Peer 1: 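To start, I am sharing the structure in question, which I have written as structure tokens.
Counting starts at 1 for both ligands and their atoms, in listed order. These numbers come from a predicted model, not from an experiment.
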Amino acid sequence: MSTRFSGSFTQQEPIPEEGIEAAMAVLRSGRLHRYNTATDELAETALLEQEFAALVGAKYCLAVASGGYAMATALRAVGVKPGDRVLTNAFTLAPVPGAIAAVGAVPVFVGVTPQLVIDLEDLAAKTGQAEVLLLSHMRGHLADMEALMAICDSAGVTVIEDCAHTMGASWKAVPSGTQGRVGCYSCQSYKHVNSGEGGLFVTDDAQVAARAVILSGSYMLYERHLAAPPAEAFDAVRYETPNISGRMDNLRAAILRPQLRNLASQCARWNERYFAIEAGLRDTPGLTVIERPAEESFVGSSIQFLLEGWETEAVEAVLTGCLKRGVELKWFGGAEPVGFTSRYDSWRYVQAPRMPQSDAVLAGIVDMRVPLTFSLEDCALISGIIKAEVGAVYQEVQGS
Ligand SMILES: *Cc1c(COP(=O)(O)O)cnc(C)c1O
């Protein structure tokens with residue numbers, strides 16, 4: 001069988017026409033800076049914040065330059081100081097430990113389970129080491145959020161959620177990003193809304209919100225926000241908080257607003273594709289599908305599976321075989337980080353003890369993007385290719 005997939009794993013859909021028109025209007029106005037508004041004009045950025053707060057049911061929202069900036073701002077806003085230790089996932093993307101390092105704090109890694117979520121037992125064992133958890137819902141997998149919040153609440157650990165892959169997702173119908181003190185989202189091209197770069201920050205805590213607004217660089221113009229706390233919240237904060245500029249601009253906000261209006265239907269389209277691929281991968285000998293809990297409503301913008309206990313050469317044979325047929329898989333078990341596959345032991349600025357149980361999980365994680373430009377036929381073709389390549393290598397290994 002020599003079928004080949006010829007599509008692109010990095011091609012997203014175009015910006016909706018409505019967004020292009022809104023962007024052109026901003027460009028024609030010349031008022032791209034969020035605080036550069038005509039009399040009585042509401043900035044696109046302020047409107048975006050108001051709409052996103054309403055969408056997830058948060059009191060306050062701030063739009064910023066990136067997801068990584070939102071996380072570093074959250075850490076500063078909840079009071080993390082240089083030298084503090086911050087708990088975070090061993091399985092996450094580089095900007096997460098990077099945000100901790102950006103504030104001079106030190107990541108303490110918590111393990112990953114075969115369901116690809118943070119290991120709650122390991123978390124409970126480590127809550128004594130830090131006052132803050134930067135929780136990454138890596139690749140959109142949500143841990144049992146009730147159990148996690150119970151552990152952190154009883155230990156007095158403040159939770160900041162990294163929702164780069166969970167915008168539009170929820171646990172028991174509670175939107176992702178609203179259970180911790182702060183929720184941070186990314187609007188980078190490979191996430192669920194696309195402004196090239198961008199980030200969103202939500203919280204119900206007026207002081208944290210006020211600090212974040214000042215941190216982002218509000219030049220004391222915070223009263224022009226529509227989703228910021230009332231002016232009194234800024235009384236002390238305005239003097240005590242440094243300006244570390246990282247605002248969003250009106251151009252990005254303009255293209256994001258129509259995308260937010262379509263978010264639910266886009267998430268449904270992602271899941272159609274996810275389930276089509278998952279169905280195609282089921283019952284492949286040697287391959288473990290990640291079973292998703294009923295409480296989790298996720299967004300299938302990427303899919304993961306496990307090749308548990310496989311030798312390096314065998315995994316590499318699968319990756320090579322798939323790539324030859326046009327299917328780009330990423331593997332978190334390689335000795336060297338490639339592209340987006342770094343993991344806790346790749347970040348050598350952190351002195352992290354080895355985590356054998358997590359190493360065993362990471363060694364088997366294979367990951368694939370699912371852009372919305374894939375048709376359902378593409379998804380069937382892709383899963384067929386993976387199934388055949390995994391099957392062939394598995395049979396060979398079993399036979400030898
Ligand atoms: C993309 C991503 C981020 C934030 O990314 P930015 O590029 O800074 O917007 C954070 N966490 C995870 C898991 C991500 O994938």
Peer 1: Quick test: of every protein heavy atom, which one is nearest to atom 10 (C) of ligand 1, and how far off is it to 0.1 Å?
Peer 2: Asp162 OD1, 3.5 Å

Peer 1: Relative to the heavy atoms of Gly67, which atoms of ligand 1 are at a distance of less than 4.0 Å?
Peer 2: 4 (C), 6 (P), 8 (O), 9 (O)

Peer 1: Who's the nearest protein heavy-atom neighbour of atom 8 (O) of ligand 1, and how far?
Peer 2: Gly68 N, 2.8 Å

Peer 1: Counting each atom of ligand 1 from 1 as listed, which ones have a heavy atom of Leu93 under 4.0 Å away?
Peer 2: 1 (C), 2 (C), 12 (C), 13 (C), 14 (C), 15 (O)

Peer 1: Could Lys126 and Glu121 be called an ion pair, given the rule that one side-chain N must be under 4.0 Å from one carboxylate O?
Peer 2: no

Peer 1: Which protein non-hydrogen atom lies closest to atom 15 (O) of ligand 1, naming both residue and atom, and how far is it?
Peer 2: His165 NE2, 2.8 Å

Peer 1: Number the atoms of ligand 1 from 1 as they appear, then name those within less than 4.0 Å of a heavy atom of Val96, with their elements.
Peer 2: 11 (N)

Peer 1: Which class fits the ring pair Phe234 and Tyr222: parallel under 30°, tilted 30 to 60°, perpendicular over 60°?
Peer 2: parallel

Peer 1: Is a donor from one side chain sitting under 3.5 angstrom from an acceptor on the other, for Thr3 and Arg325?
Peer 2: yes

Peer 1: In terms of ring plane angle, is the pair Trp270 and His192 parallel, tilted or perpendicular, where the classes change at 30° and 60°?
Peer 2: tilted

Peer 1: How far is atom 7 (O) of ligand 1 from its nearest protein heavy atom, and which residue and atom is that?
Peer 2: Gln188 NE2, 2.9 Å

Peer 1: Ignoring hydrogens and geometry, is there a side-chain-to-backbone donor-acceptor pair from Asp122 to Gly111 under 3.5 Å?
Peer 2: yes

Peer 1: Can you tell me if Met71 contacts ligand 1 (heavy atom of the residue under 4.0 Å from the ligand)?
Peer 2: yes

Peer 1: Sorted by first residue and then second, give each ring pair (Phe, Tyr, Trp, His ring centres under 6.0 Å) pair with at least one member in residues 352-400; sequence neighbours left out.
Peer 2: Phe5-Phe374, Phe9-Phe374, Trp310-Tyr394

Peer 1: Taking both backbone and side-chain atoms of Glu197, is any N or O found less than 3.5 Å from an N or O belonging to ligand 1?
Peer 2: no

Peer 1: Geometry only, no angles: is Ser186 polar-contacting ligand 1 at N/O separations under 3.5 Å?
Peer 2: yes

Peer 1: Could Arg31 and Glu41 be called an ion pair, given the rule that one side-chain N must be under 4.0 Å from one carboxylate O?
Peer 2: yes

Peer 1: Whether Arg247 and Asp249 form a salt bridge (side-chain N of Lys/Arg under 4.0 Å from carboxylate O of Asp/Glu) is what I want to check.
Peer 2: no

Peer 1: With atoms numbered from 1 as shown, which atoms in ligand 1 lie under 4.0 angstrom from a non-hydrogen atom of Ser136?
Peer 2: 13 (C)

Peer 1: Would you mind checking which non-hydrogen protein atom is closest to atom 14 (C) of ligand 1, with the distance to 0.1 Å?
Peer 2: Lys191 NZ, 3.1 Å

